Amino acid sequence: MTIRVIIVDDQAMVRAGFAALLSAQPDIDVVGEAPDGRQGVRVSRTVHPDVVLMDVRMPELDGLSAARELLDPPRGVTHRPKVLMLTTFDIDDYVYEALRAGASGFLLKDAPPADLIAAVRVVASGEALLAPSVTRRLIADFVRQRPAPRKDPALRLNGLTPRETEVLELIARGLSNQEIAAHLVLAEQTVKTHIGRVLGKLDLRDRAQAVIFAYEAGLVRPGDSAS
């Protein structure tokens with residue numbers, strides 16, 4: 001199955017470079033591009049891509065606002081693409097909010113070409129792009145600056161079993177499914193089942209939102225690591 005992608009970035013050279021790289025892949029088809037968030041939303045609703053590569057900082061409508069429009073569309077609009085945020089900085093004050101809004105992750109613009117290609121495939125498959133070396137630090141930095149955990153997320157944890165809570169905690173600490181399986185001495189398929197139940201019970205879109213939820217609920221705190 002071919003992955004349909006659009007590229008939204010205010011730099012023409014960036015759009016051209018990414019388009020050339022992705023179009024060269026047999027399973028990826030670049031079906032559109034836009035120089036700002038407003039046009040990006042319009043193009044997305046016209047061509048219905050699977051993945052939108054969205055720059056964070058743009059004129060007219062920034063990437064965060066555009067992501068919100070795509071992921072929480074008005075009544076009558078049913079298409080919701082996966083959104084992968086692109087940023088120049090590994091710590092960007094828009095990214096945390098983008099993840100909360102439902103973006104599937106983010107990628108640095110200077111990442112190796114292979115990482116961009118892999119990121120599109122990961123996001124298109126329904127997984128969140130959570131690189132522990134960057135994403136966990138970013139989330140932790142923002143949570144550290146925010147007020148104490150809100151009551152609602154903490155109360156929602158009560159609906160999880162002890163094992164599901166444990167799995168959610170390990171997700172938030174940046175472990176992959178394979179690492180969680182090894183840590184808990186479980187089959188990887190069992191871990192996937194637990195993750196599916198966690199997302200379903202908490203009404204979360206993907207792993208990215210699960211990480212945000214775990215921090216806001218106080219399940220994990222900045223500096224925590226799996227022991």
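Just so it is clear, the model here is predicted, and its values are computed rather than measured.
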Starting at CD of Gln25, measure out to CG of Leu22 and round the result to the nearest 0.5 Å.
7.0 Å
Residue set satisfying side-chain contact (heavy atoms from CB on, under 4.5 Å) with Ala111, at least two apart, ordered chain then number -> Leu107, Asp115
Are any of the side-chain heavy atoms of Leu86 and Val14 separated by less than 4.5 Å?
no
Counterpart residues, side chain to side chain donor-acceptor pair (under 3.5 Å), relative to Arg45 (two or more places apart):
none
Donor-acceptor contacts under 3.5 Å from residues 64-73 side chains, at least two apart:
from, atom 1, to, atom 2, distance (Å)
Ser65, OG, Asp62, OD1, 3.3
Glu69, OE1, Arg38, NH1, 3.3
Glu69, OE2, Arg38, NH1, 3.1

State the CD-CD distance between Glu179 and Glu188, to the nearest 0.5 angstrom.
10.0 Å
Could you pull out the closest heavy-atom pair between Asp36 and Pro59, with the gap in Å?
CB-O, 3.2 Å
Mind checking side-chain contact (heavy atoms from CB on, under 4.5 Å) for Pro113 and listing every partner two or more places apart, or none if nothing turns up?
Leu21
Can you find a heavy atom in the side chain of Leu84 that is under 4.5 Å from one in the side chain of Val122?
no
For residues 25-47, which residue pairs qualify under ring-ring contact (aromatic ring centres under 6.0 Å, His included), counting only residues two or more places apart or in two chains?
none
Side chains of Val198 and Ile171 in contact at under 4.5 Å (non-hydrogen atoms)
no
Going by heavy atoms in the side chains, are Leu184 and Thr190 under 4.5 Å from each other?
no
ring-ring contact (aromatic ring centres under 6.0 Å, His included) pairs touching residues 64-83, sequence neighbours excluded, are His48-His79
Separation between CD1 of Ile180 and CD of Glu166, rounded to the nearest 0.5 Å
10.0 Å
Could you list the residues that satisfy salt bridge (Lys or Arg N to Asp or Glu O under 4.0 Å) with Glu60, not counting sequence neighbours?
none
What residues form a salt bridge (Lys or Arg N to Asp or Glu O under 4.0 Å) with Arg42, not counting sequence neighbours?
none
Note: Val123 and Ser104 closest approach over all heavy atoms is CG1-CB, 3.7 Å
Residues that Asp27 engages under salt bridge (Lys or Arg N to Asp or Glu O under 4.0 Å), provided they are two or more places apart:
Arg121
Using a 4.5 Å cut-off on heavy atoms from C-beta on, say whether the side chain of Leu186 contacts that of His194.
yes
Show your reasoning for whether side chain to side chain contact (heavy atoms under 4.5 Å, CB included) applies to Leu160 and Leu202.
CA-CA 8 Å; Leu160 301 181; Leu202 298 177; 4.1 Å; yes
Would a 4.5 Å heavy-atom cut-off, applied to side chains only, mark Phe213 and Leu157 as touching?
yes
Can you tell me how far apart CG (Leu175) and NE2 (His183) are? Round to the nearest 0.5 Å.
7.0 Å
Sequence neighbours left out, what passes side-chain contact (heavy atoms from CB on, under 4.5 Å) with Thr2? Give chain and number order.
Asp29
Quick one: closest heavy-atom pair of Leu199 and Ala210, and the distance?
CD2-CB, 4.1 Å
In residues 3-10, what donor-acceptor pairs under 3.5 Å come from side-chain atoms, sequence neighbours left out?
from, atom 1, to, atom 2, distance (Å)
Arg4, NH2, Val47, O, 2.5
Asp9, OD1, Gln11, N, 2.8
Asp9, OD2, Lys109, NZ, 2.8

As an exercise, state the distance from CD1 of Ile195 to CZ of Arg197, rounded to the nearest 0.5 Å.
12.0 Å
Which pair of non-hydrogen atoms, one from Pro81 and one from Ser44, has the smallest distance, and what is that distance?
CG-OG, 3.7 Å
With sequence neighbours left out, the residues meeting salt bridge (Lys or Arg N to Asp or Glu O under 4.0 Å) with Lys192 are none
